[in-house]
Amino acid sequence: MDALVGKALRSRRVRFWLATAGIATSTLLVLVLAAAYRSVRASVAGYAGQPGIDLWVAPAGTDNLIRSSSLFSSRLADSVGALPDVGAAAPVVRAFLTVRGGRSDERRRLTLLGIGYLAPDGLGGPPRFAGGRAPHGLHEVALDRAAAHILRVGIRDTVWVNGRAAVVSGLTAETNLLATQFVFGDIGAAGPASGIAGKASFLAVRVTPGANVDTVGRTIMDQFPDVVAFSRAAFVANNLREVSAGFLPLLALIGILGVSAATVLVTVLLYSLVEDRRAEMAVLLALGAEATLVGRGVVRQAAKLVTLGGLLGVALAVGLGWILDRALPTVPLTFVARDVAEILVVFIVFGIAAAVVPVVRLHRIDPLEAFRP
């Protein structure tokens, strides 16, 4: 029965490949959105969860990097650094900054998430470099590679940060949030550029070897009641929560639409197959073939069709990610094997479910139709 149904499908090549292309496109859309979501999560986790920082200290009421506006004195770093079991405490200032590729070039202008830290080696700097090095001094910045692409600048080029000239010393990776990107500079320059000199948004804290992170965090909060301390894992989770709040509803919507489109395509293709091959199937039923056996053939072909379209969609998504990484790094895609497997399984399950209508129709075929003129 599989051979008969498969031959019937292949005999309608235009319909077959249109359905396959539709399923591949639906898979591509869902995978690309999921990969974009994973990229943003990776960037947030890459910065907030970078090794060497055990605790993030924030003003009371602030629990994430994405949406924060509270500040405290940067001198708090010295007081926290003097506590037992604290190896290092460094101020980090976070502010949105206007960066231009040309001094008065409005076409090359971005609003970036600025991070000021004790450059070049202080806590809270770039998690990874795609090229170049960390900024040294007050007149250098490290710029996200996607932002550099948009601004059309490279290493050793000059950019204007809130109207102040700075040389790009390095390009950072895993610092692209899609809606914005990171720019890093020395806190001594970041403060005046953002109008908050002498202030800090967070303290990045490293505990001494062997010290208990939670205990050190409680000590900080006991000594300074107006601040709150988060472990690295908790701070990453808080930031991922903020990122997910905007992404997950959109991902769910596109996923539902994609699966629905694929289901309709499979249903229409198999339903038309059963109708077009009604006479041949009536002959089989008249010869004693069970409708259930023929139905299983239809279901198996549905699974094969969706699997082929899904795998084609995966190949297209991976190819698109490779092209974007080299030609348009502003849209990063991070593919995760688990996401690919789950999306394929969902499409296959719904594709098999789509065969229900044709199979039900198949059971209504009268074997006597084989003998009608």
Heavy-atom nearest pair, Leu178 first then Pro332, reads CD2-CD, 3.4 Å

So CG of Leu151 and CG of Asp157: to nearest 0.5 Å the spacing works out to 10.5 Å

Check your understanding: Do other residues, nucleotides or ligands put more than 12 heavy atoms under 6.0 Å from the NE2 atom of His139?
Key -> no

Does a side chain donor of either Arg41 or Ser244 reach within less than 3.5 Å of an acceptor in the other side chain? yes

message = Checking Leu31 against Val340 for the side-chain contact (heavy atoms from CB on, under 4.5 Å) test, could you report, in this order, the C-alpha distance in whole Å, the side-chain angles of both residues, the deciding distance, and whether it holds?
response = CA-CA 7 Å; Leu31 269 177; Val340 174; 3.8 Å; yes

Per side chain to side chain contact (heavy atoms under 4.5 Å, CB included), Val44 is matched among Asn238, Leu65, Val236, Leu240 by Leu240

Exercise for review: Report the relative orientation of the aromatic rings in Phe184 and Tyr117; use parallel for angles under 30°, tilted for 30 to 60°, perpendicular for over 60°.
Suggested key: perpendicular

Below 4.0 angstrom, N of the basic side chain to O of the carboxylate: do Glu140 and Arg133 qualify? yes

OG1 of Thr111 to CD of Gln181, rounded to nearest 0.5 Å, is 10.5 Å

Trace of the side-chain contact (heavy atoms from CB on, under 4.5 Å) decision for Val30 with Phe347: CA-CA 11 Å; Val30 178; Phe347 272 81; 4.3 Å; yes

Self-check item: Cluster check Leu171, Leu97: I/L/V/M/F/W/Y, side chain < 4.5 angstrom
Solution: yes

Taking every heavy atom of Val216 against every heavy atom of Ala211, the minimum-distance pair comes out as CG2-CB, 4.3 Å

Discussion item. Counting only heavy atoms from other residues, nucleotides and ligands, does the tally under 6.0 Å from CZ of Arg107 exceed 12?
Written reply: no

Closest heavy-atom pair, Ala146 versus Asn176, reported as atoms and distance to 0.1 Å, is CB-ND2, 3.4 Å

Main-chain N/O of Ala35 paired to Ser39 side chain as donor or acceptor, under 3.5 Å
yes

*Any donor-acceptor pair under 3.5 Å linking the side chain of Thr158 with the backbone of Ala165?*
no

Taken to the nearest 0.5 Å, the spacing of Arg232 CZ from Trp56 CH2 works out to 10.5 Å

- Item | Beyond-backbone contact of Asp54 with Val205, side-chain heavy atoms, under 4.5 angstrom | no

*Pair Arg206 + Asp85, salt bridge at N-O below 4.0 Å*: no

A side-chain contact here means heavy atoms from C-beta on lying under 4.5 Å apart; do Leu257 and Leu253 qualify? yes

Worksheet item: More than 12 foreign heavy atoms under 6.0 Å from CZ of Phe72: is that the case here?
Response: yes

* Taking the side chain from Ser201 and the backbone from Arg94, do they hold a donor-acceptor pair closer than 3.5 Å? -> yes

Q: Give a yes or no on whether Leu29 and Ile256 share a hydrophobic cluster (residues Ile, Leu, Val, Met, Phe, Trp, Tyr; joining criterion: side-chain heavy atoms under 4.5 Å apart).
A: no

Quiz prompt | Side-chain heavy atoms of Leu308 within contact of Trp17, under 4.5 Å | solution = yes

*Are Val228 and Thr62 side-chain neighbours, meaning at least one heavy-atom pair lies under 4.5 Å?*
no

Query raised in the report: Are Val314 and Ile323 joined in one hydrophobic group, where the rule is that I, L, V, M, F, W and Y side chains link up if heavy atoms are under 4.5 Å apart?
Result: no

Checklist entry - Can you hop from Leu324 to Phe335 via hydrophobic side chains spaced under 4.5 Å? => result yes

All heavy atoms of Ile155 vs all of Gly170, minimum pair found to be CG1-CA, 4.4 Å

#### Entry: Beyond-backbone contact of Glu242 with Arg67, side-chain heavy atoms, under 4.5 angstrom
yes

(Q) One pair to check against side-chain contact (heavy atoms from CB on, under 4.5 Å): Phe224 and Leu76. What are the steps and the verdict? (A) CA-CA 9 Å; Phe224 306 98; Leu76 183 64; 3.7 Å; yes

Taking the side chain from Arg326 and the backbone from Trp322, do they hold a donor-acceptor pair closer than 3.5 Å?
-> yes

request  = If the plane angle is over 60° it's perpendicular, under 30° parallel, otherwise tilted; pick one for Phe230 and Phe235.
outcome  = tilted

In this structure, OG1 of Thr175 is separated from CZ of Phe129 (nearest 0.5 Å) by 9.0 Å

Thinking salt bridges, do Asp63 and Arg241 make one under a 4.0 Å N-O criterion? yes

_Is it the case that the side chain of Gln223 and the backbone of Ile220 share a donor-acceptor pair, with hydrogens and angles ignored and the cut-off at 3.5 Å?_
no

Side chain of Asp144, backbone of Phe182: donor and acceptor closer than 3.5 Å?
-> no

Taken to the nearest 0.5 Å, the spacing of Leu305 CG from Thr20 OG1 works out to 4.5 Å

Closest non-hydrogen atoms of Pro135 and Gly185, given as atom of the first, atom of the second and distance, are CG-CA, 4.2 Å

d(Ser231 OG, Asp214 CG) to nearest 0.5 Å is 6.5 Å

Checking side-chain contact (heavy atoms from CB on, under 4.5 Å) for the pair Thr330/His149: CA distance, chi angles, key distance, verdict? CA-CA 7 Å; Thr330 52; His149 177 83; 4.2 Å; yes

Practice problem: Determine whether Leu118 and Pro91 make a side-chain contact, defined as any pair of heavy atoms from C-beta on separated by less than 4.5 Å. | Solution: yes

So do Thr208 and Val86 actually touch side chain to side chain, heavy atoms under 4.5 Å? no

Do Leu320 and Val32 have side-chain heavy atoms sitting under 4.5 Å apart?
-> yes

Backbone of Gly124 reached by a side-chain donor or acceptor of Tyr47 within 3.5 Å
yes

- Message: Grouping I, L, V, M, F, W and Y whenever their side-chain heavy atoms are under 4.5 Å apart, do Leu83 and Met221 come out in a common cluster?
- Response: no

task: Please say whether more than 12 non-hydrogen atoms of neighbouring residues, nucleotides or ligands are located less than 6.0 Å from CG in Asp121.
output: no

When every non-hydrogen atom of Pro127 is compared with those of Ala173, the smallest separation belongs to CG-O, 4.1 Å

